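First the proteins, then the strands, lettered A, B, ... as listed; each starts at 1. Here the structure is a predicted model, which means the values were calculated and not measured.
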2 protein chains.
Amino acid sequence: MGDAVDAVMDAWRRERPDVDIWPVGVVGRIQRLARLLETEIQDFFRRYGLDNSEADVLTTLRRSGEPYELTPGQLVKASMVTSGAITKRIDRMVTKNLVERVPDAVDRRTVRIRLTAHGRQTIDDLFALHIANETRLLQALDRDRADGLADALRTLLQSLGDTSLT
Amino acid sequence: MGDAVDAVMDAWRRERPDVDIWPVGVVGRIQRLARLLETEIQDFFRRYGLDNSEADVLTTLRRSGEPYELTPGQLVKASMVTSGAITKRIDRMVTKNLVERVPDAVDRRTVRIRLTAHGRQTIDDLFALHIANETRLLQALDRDRADGLADALRTLLQSLGDTSLT
DNA sequence: TATCGATATCTTACCAGTAAGAGACATGAG
DNA sequence: CTCATGTCTCTTACTGGTAAGATATCGATA
């Protein structure tokens, strides 16, 4: 008994035996897993009054280290969404007192987005729990298989040019 | 030199050495890859006047076999989007003459969504090219590594309950 | 056969994100 | 010093999807 993608592949082999559809076994699974994992992670953060997009910004700022601030442009590069989406996220998060906009002393085009004390506290309280939740989602893989999986995924990401966040 | 996720993990190890963040190496990569692959595949279909959501419906109907029709409910289960989204997709695709709604003879609650001749032609013309494009996206992996990757992803999907499309 | 819960599709109000570009500011070449 | 070009953030109009529920129909049971 396979997974949902095995069913898709069986159907294609019946309908289009002339095409070797092996890439579907990788691409289709990555897409389905991404959706399932995103839903699970969203459920986790929602229990604490956050959503995925807010958690994305909070974690990006937190792991950047003291003083926990980045420009909107840096957040765009780290996030895989457009600048318009980042502006809106920041607007929402300012009203929730998770981040604040502080003017840049040197370059007046630039704004710095800084974690508030509340934002810092929120993500620090949640981070270990969030990682524990991701560990639970991956518990079907032992550590060796997980490492092998991560290696193969890294190879793909590098080949697609995903080598930097800045 | 690693990928973008290696940079994220290095940052976390510096900022939160108390947390073992190994799951990020899998979850983060699946999420980034899903976005990158989706963008690439969207670019591919856009060259032929389609978008991802339309291609999703066309492929689902095509691989279901003669007479190339499914109910909206079956499309919902195959697609990972809500029924409202499927209704809208069908509306758009009807105006583009890719599918048609045909009443079900037996159950009048049910509608059958059927590929038109144009829809059938469109997906049949594109399918082999689409698979060739996916093959290109995965060319960094040889066939053995791709099989191993697919196996690990299948294990995860099954553990998360993703075993059927119906 | 009348009724009631289950099922199937569609509707409505809303929202996050996108694409394109506007506006403000910086900077280097001449 | 000036101006043209580049950079940075934000705005606007739009779109695809969601959540919740309305509407219509089916089917089992008393």
request  = Give a yes or no answer on whether the side chain of B:Gln74 reaches the backbone of B:Thr71 with a donor-acceptor pair at less than 3.5 Å.
outcome  = yes
query = Given A:Val5 and B:Arg154, is the side-chain contact (heavy atoms from CB on, under 4.5 Å) satisfied, shown in steps?
reply = CA-CA 8 Å; A:Val5 175; B:Arg154 182 194 291 105; over 6 Å; no
query = Within the structure shown, what part of the strands sits under 4.0 Å from B:Arg101 by heavy-atom distance: base, sugar-phosphate, or nothing?
reply = sugar-phosphate
ask   = Could one point to a donor on the side chain of A:Arg109 or the base of D:dT7 with an acceptor on the other under 3.5 Å away?
value = yes
request  = Write down the distance between CD1 (A:Ile86) and C1' (D:dT11), rounded to a whole number of angstrom.
outcome  = 16 Å
inquiry  = It should be established whether A:Arg89 places a side-chain nitrogen or oxygen under 4.0 Å from OP1 or OP2 of nucleotide C:dG17.
reply    = yes
ask   = Just by modelled atom types, is the B:Asp3 backbone N or O under 3.5 Å from a matching donor or acceptor in the A:Thr163 side chain?
value = no
query = Nearest nucleotide by nearest heavy atom, which residue falls closer to the 5' end of DNA chain C, A:Arg92 or A:Val106?
reply = A:Arg92
task = For B:Met80 and for A:Ile90, find the nucleotide of DNA chain D with the closest heavy atom, then tell me which residue's nucleotide is more 5'.
result = A:Ile90
query = What is the distance, rounded to the nearest whole Å, between atom CD of A:Gln74 and atom C1' of D:dT7?
reply = 14 Å
ask   = So how far is it from B:Arg13 CZ to B:Asp18 CG, rounded to the nearest 0.5 Å?
value = 13.5 Å
For atom CG of A:Asp51 and atom C1' of C:dC14, their distance in whole Å = 15 Å
task = Ignoring the backbone of A:Pro72, work out which of D:dC10, C:dA19, D:dG17 is nearest its side chain.
result = D:dC10
query = What is the nucleic acid contact for A:Gly73, judged by heavy atoms within less than 4.0 Å: base, sugar-phosphate only, or nothing?
reply = sugar-phosphate
Selection from C:dT18, D:dT9, D:dT25 that lies nearest to any side-chain heavy atom of A:Val111 = D:dT9
ask   = What is the distance from CG of B:Asp43 to P of C:dA19, rounded to the nearest Å?
value = 10 Å
request  = Starting from P on C:dA19, measure out to CZ on B:Arg46 and report it in whole angstrom.
outcome  = 7 Å
ask   = To the side chain of A:Thr110, which of D:dG17, D:dC8, C:dA19 is closest?
value = D:dC8
task = Among the candidates D:dT18, C:dG17, D:dC10, find the nucleotide nearest to the side-chain atoms of A:Ala85.
result = C:dG17
note = Taking C:dA26, D:dG17, C:dT18 as options, the one with an atom nearest any side-chain atom of A:Asp107 is C:dA26
inquiry  = So for A:Ser83 and D:dC10, does any side-chain atom that can act as donor or acceptor lie under 3.5 Å from a complementary atom in the base?
reply    = yes
ask   = Would you say A:Thr71 reaches D:dC8's phosphate, i.e. side-chain N/O to OP1/OP2 under 4.0 Å?
value = no
key: Residue of the set A:Arg89, A:Arg92, A:Lys96 for which side-chain hydrogen bond (donor to acceptor under 3.5 Å, both in side chains) holds with A:Glu54   = A:Lys96
query = CZ of A:Arg108 versus P of C:dT27: gap in Å, rounded?
reply = 12 Å
ask   = Just how far, in rounded Å, is P of D:dG16 from NZ of B:Lys88?
value = 8 Å
task = Working to the nearest 0.5 Å, report the span between CG of A:Leu156 and CG of B:Leu37.
result = 7.5 Å
message = Could you tell me how far apart B:Leu75 (CG) and D:dG16 (P) are, to the nearest whole angstrom?
response = 17 Å
task = Check every atom of C:dT11, D:dT11, C:dA16 against the side chain of A:Thr87 and return the nucleotide holding the closest atom.
result = D:dT11
